[in-house]
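Just below is one structure, and these are the notes that go with it.
Note on naming: letters A, B, ... go to the chains in the order of the sequence lines (proteins, then strands), and numbering restarts at 1 for each one.
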Number of protein chains: 2
Amino acid sequence: MIEAQRLAVFREVAHRGSFAQAAQALRLTPSAVSQQMAALERAAQAGLFERSTRGVTLTAAGQALLRTADTIHGELHRAERALARLREQGPPSLTVATFASAGMLLLAPALAALNDREDRHVDTTVIESEPQQALAALDDGSADMALVYHFHTEQPPPSWADIAHRYAYHPLLRDELRLVVPVGHALARRSTARLDDVADEPWIQMWDLPGNALDALASAHGLRPKVACRAGDFPFMQALVAAGVGIAFIPTLAVVDRPDTRALVLTPTAKRYIGAYTAPGVPSNHASRALLDALKARATTVPMS
Amino acid sequence: MIEAQRLAVFREVAHRGSFAQAAQALRLTPSAVSQQMAALERAAQAGLFERSTRGVTLTAAGQALLRTADTIHGELHRAERALARLREQGPPSLTVATFASAGMLLLAPALAALNDREDRHVDTTVIESEPQQALAALDDGSADMALVYHFHTEQPPPSWADIAHRYAYHPLLRDELRLVVPVGHALARRSTARLDDVADEPWIQMWDLPGNALDALASAHGLRPKVACRAGDFPFMQALVAAGVGIAFIPTLAVVDRPDTRALVLTPTAKRYIGAYTAPGVPSNHASRALLDALKARATTVPMS
DNA sequence: CTACTTTACGCCTGTCGTAAATATC
DNA sequence: GATATTTACGACAGGCGTAAAGTAG
């Protein structure tokens, strides 16, 4: 009964929060959007919006339908990209969104192993992005696979539930957080440290850490750390540490070997979990399965220095 | 560019293998279907069919698009069901497809534990079905979760790749195959047995065992067993064993305690893996996550007699 | 008054069916 | 010749825009 065509309009309305803005984005008149949504509500036999003169908000039924609309939008987008690539007569092709350290340590070697065998060659486009953006790319249909990390538990954090539950998750690897300090630091000659040891020092944190893991970790210990600054990637954070701006917590796999910093084991250990989300989409049959196998194989042999 | 509406027609064509039959199923004329598919091929900028006078077959591009069409169809169907249930103002509701023994030993206790707490009450519809049909129900949008089993490896068998790769998989439990013989059997007083011991006896097998696990197991040992008959569920198989029709291999959790049969441990052991597939759909946010947690909790305490 | 949604109505695009043509087994 | 797909063409439904009305801040 529900026509998929209308869901594209519905999705635009839901994301913009107003019929008028959605109409403008879709190059339609507000009238057309209103009629479409009225028809959709009839088909769904449920009210989808709370109307007001300052736009609309979704009802519970509307929020439920939005997830469906998002999924369908992503699938269509992915299908179009897949058809475009297939038209070029090239080898099977994938787009993978990954954060930097997994790209270097997992994805690149996995691709190398995969492409050694001519029959399993996979033409891969890589988008470097942090987990939040990687999942958004997956959701939007711009990527077929997303390599992500998260803290605390093997299962992805609740804040991802809406998006993450729509895709298959494959655990790959886990590493630990290290406390990185400059060589001149009081702790630099020790090999382990506790959170309390640096409670009063300025911390260098990451933008958009999934679930604000470090904040949660700190408050669980009753700490209110001073945040010296926030950076976008781990190597930059480590450079800031070397410059004496503050201390930082960096996952083992992202720590680079620099003479001007030391990486200390944290007790109790805080683990980081790395995994892959795969989209249900078009190229999954061969290429994404092959790549996933290669990633798993690589994950078992990655050096945990 | 690709209009989702046409994919419903495309899907019907792909499954029926002919424009004419699809037209009949959709209550359209072959002409309309032909025009729709011509428009779809223009939008996709790719040939989707190999035409012949005995129907059509899909090209590579067509097969790719079919997966997208199936996913979208399932999502729409699931959304409609979810909206219908939400309209009744009832508690969150799920439909779960399960095979019989998991229904009794896992699902029922998990639901009982879940519904004890009033705030986590979940209204559940159960469809009893073997793994193949359970996945089909998931794919079709008729179910939100599927409890399935498979053999050999923790990962689902390759024959499920097309369907299973589109959903998140959650391992739950594993048990072992037992060799079930009648009390009068030569082996009845032993506690363990090997495949070779029953190489020459008639076997009672299951319809649609995932991946024909037993056939693979037998041929790996160089055996060509005689299949006495095939049954649809394990209790019936065991009854046939008691009646002297043949011997059977039945998973521990499905073996019932009867005085006229004996269950022998198999060496080397053949394991059965039980897990759940969850759909990305509408009600996943709360209900399916809660049920999954309850299933996992139950799986750790299930008796492995 | 402003910004948004809704309704009424006419136009127009797009889709369907009928009918005839074409092609293959 | 039977069955299936394709094309041409006319009819109809549905969606869009214009315009005007209604409404809340």
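- At least one side-chain nitrogen or oxygen of A:S34 sits closer than 4.0 Å to the OP1 or OP2 atom of C:dT6.
- Remark on DNA chain D: of its neighbouring residues B:A20 and A:Q36, the 5'-side contact belongs to B:A20, judged by nearest-heavy-atom nucleotide.
- Distance A:Q24 CD to D:dG17 P: 13 Å, rounded to the nearest Å.
- Judged by distance alone, the side chain of A:R6 and the main-chain N or O of A:E41 form no donor-acceptor pair under 3.5 Å.
- In this pair, A:F99 and A:Y149 present their aromatic rings perpendicular. The plane angle is above 60°, beyond the 30 to 60° band.
- Here the nucleotide nearest the side chain of A:P30, chosen from C:dT5, D:dC16, C:dC25, is C:dT5.
- Contact annotation: side chain of A:Q35 to base of D:dG17, donor-acceptor pair present below 3.5 Å.
- Taking 4.5 Å as the limit, every side-chain heavy atom of B:T98 sits out of range of all side-chain heavy atoms of B:M145.
- A donor and an acceptor atom sit less than 3.5 Å apart, one in the side chain of A:S31 and one in the base of C:dT7.
- Expressed to the nearest 0.5 Å, how far CG of B:L83 lies from CD of A:Q45 amounts to 9.5 Å.
- Distances shown here put every side-chain N or O of A:R51 at or beyond 4.0 Å from the OP1 or OP2 atom of C:dC4.
- Remark on DNA chain D: of its neighbouring residues A:R54 and A:T29, the 5'-side contact belongs to A:T29, judged by nearest-heavy-atom nucleotide.
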